[in-house]
K.L.:
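Let me give you the structure first, and then I'll get to my questions.
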Amino acid sequence: MLRRLLPPLLVACAAFGAQAAELRLITHSSFDLPKPLIADFEKRAGVKLVVVKAGDAGEMLNKLILTRANPIADVVYGIDNTLAAKAVRAGVIEAAPSARTAHTLPGGLAAIDYGVVTLNIDKAWFARHKKALPKTLAELATPAYKDLVVVPNPATSSPGLAFLVATVDALGEEGAFAWWARLRDNGVKVAKGWSEAYYTDFSRNGGARPIVVSYATSPAAEVFYAKEKPAAPPTATLALPGGSFLQVEGAAPVAGGREPAAAKAFVAWLQGAPVQKALQTTMWMYPAVPGTPLDPVFRHAPEPVGVKPVDAGRIDANAPRWVARWTRVVLKGGR
């Protein structure tokens, strides 16, 4: 697909002489791909990639919406299924050709990768305290697990929102917020974002909480980044029924962008084999294109069984109200 798109680009870029056109990418702060891969794309496409990291995915989309009359980017990566319907409704993206993918997104967004937001535990803490793991969300909210859980705030964190949506989808709205009230009374700690929850509050990293909302791939990342590679990760996923969310991330040309052909080529490049391989150990997501070999370290990151996507339209229609109610229940002690 990329080869079909590149020749017109090369012809067009020749008109600029030695100076390549800029392809502006807006993305979230977790975007990370090897520099040699990016350099290869720039050379083949005849463009200079300018990466604009715009914070969390929600912040990124809001910036696109606020600047749609004069777009600040030509292509976007990182709009996920909690935000896809909002992006489509706002008219800030255009469709791009897409390979066949394991999961799909609405509005012409091409799926690039996916992950499973779920609970993680510090194995050493539980072994040291000789405490059994909870088997259900209901059990997690009992006194046996008081003051042990940290979650990112769904108002400021996409994994936090994903975990909230998972509980509502599994328990129903009333059941979910009754459960969140019990978790509040059981001493749940709320962090602003995933990084704070995982690297500050999680006991694996020196905090006091041995249960954290993270990703199913996090244990593999722990092994990958360890100086002395352990035989098994020090953390594990705790995929309680109703406590996991399938997050699908996509890319698309930005409506009104200056480089529409290059933007489509970039989306195709993201779905190509080199990027699908690289993103596994840079952004710690599963590749969206079927048949992509998994990195060997992903043996420590098995996908939780039976986690299915929540309808993007349902999330779009209800997420603001769910977040407002969560804030009232968890942070303000209401109902």
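Everything quoted here is computed from the prediction, not taken from an experiment.
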K.L.:
State whether the side chain of Asp201 and the backbone N or O of Gly207 hold a donor-acceptor pair below 3.5 Å, judged by distance alone.
P.N.:
no
K.L.:
According to ring pair (Phe, Tyr, Trp, His ring centres under 6.0 Å), who are the partners of Phe224, at least two apart in sequence or on a separate chain?
P.N.:
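Partners of Phe224 under the ring pair (Phe, Tyr, Trp, His ring centres under 6.0 Å) test: Trp284.
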K.L.:
Quick check against the 3.5 Å criterion: does Asn81 have a side-chain atom that pairs as donor or acceptor with the backbone of Val248?
P.N.:
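Confirmed, Asn81 side chain pairs with Val248 backbone.
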K.L.:
Using a 3.5 Å distance criterion without hydrogens, assess whether the side chain of Gln276 forms a donor-acceptor pair with backbone atoms of Val289.
P.N.:
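Between the backbone of Val289 and the side chain of Gln276 there is a qualifying donor-acceptor contact (under 3.5 Å).
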K.L.:
Could you check whether the rings of Tyr198 and Trp194 sit parallel, tilted or perpendicular, using 30° and 60° as the cut-offs?
P.N.:
parallel
K.L.:
State, yes or no, whether a side-chain contact exists between Leu140 and Asn186 at a heavy-atom distance under 4.5 Å.
P.N.:
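No, every pair of side-chain atoms sits at 4.5 Å or beyond.
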K.L.:
Between Thr281 and Asp295, does any side-chain donor sit less than 3.5 Å from a side-chain acceptor?
P.N.:
no
K.L.:
Classify the ring geometry of Tyr145 against Phe126: parallel below 30°, tilted from 30° to 60°, perpendicular beyond 60°.
P.N.:
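Ring orientation of Tyr145 relative to Phe126: tilted.
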K.L.:
Taking side chain to side chain contact (heavy atoms under 4.5 Å, CB included) as the criterion, tell me which of Asn120, Val212, Ile121, Thr235 meets it with Arg204.
P.N.:
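Exactly one pass, corresponding to Thr235.
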K.L.:
Less than 4.5 Å apart, any side-chain heavy atom of Lys131 and any of Leu148?
P.N.:
yes
K.L.:
Determine whether the aromatic ring centres of residues Phe298 and Tyr286 are separated by less than 6.0 angstrom.
P.N.:
yes
K.L.:
Taking the side chain as every heavy atom from C-beta outward, state whether Leu25 and Val50 have any atom pair closer than 4.5 Å.
P.N.:
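No, too far: nothing below the 4.5 Å cut-off.
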K.L.:
Can a donor-acceptor pair be found between the side chains of Ser98 and Gln271 at a distance below 3.5 Å?
P.N.:
yes
K.L.:
Measure the CG-OG1 distance between Leu33 and Thr282 for me, rounded to the nearest 0.5 Å.
P.N.:
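Spacing of CG (Leu33) from OG1 (Thr282) equals 5.0 Å.
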K.L.:
Heavy-atom distance under 4.5 Å between the side chains of Leu23 and Leu49, does that happen here?
P.N.:
yes
K.L.:
State, without any angle test, whether Trp179 and Thr167 hold a side-chain donor-acceptor pair at a distance under 3.5 Å.
P.N.:
no
K.L.:
Backbone N or O of Pro233 within a donor-acceptor pair of the Lys123 side chain at under 3.5 Å?
P.N.:
yes
K.L.:
Measure from the side-chain N and O atoms of Thr156 to the backbone N and O of Lys192, and report whether any donor-acceptor pair falls under 3.5 Å.
P.N.:
yes
K.L.:
Is there a donor-acceptor pair closer than 3.5 Å between any side-chain N or O of Glu173 and the backbone N or O of Trp322?
P.N.:
no
K.L.:
Between Glu59 and Lys53, is there a salt bridge with N-O shorter than 4.0 Å?
P.N.:
no
K.L.:
With no hydrogens and no angle check, is any side-chain donor or acceptor of Arg24 less than 3.5 Å from a backbone partner on Pro71?
P.N.:
yes
K.L.:
By ring pair (Phe, Tyr, Trp, His ring centres under 6.0 Å), which residues pair with His300, not counting sequence neighbours?
P.N.:
none
K.L.:
Between the side chain of Asn318 and the main-chain N/O of Arg314, is any donor-acceptor distance below 3.5 Å?
P.N.:
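It does hold such a pair.
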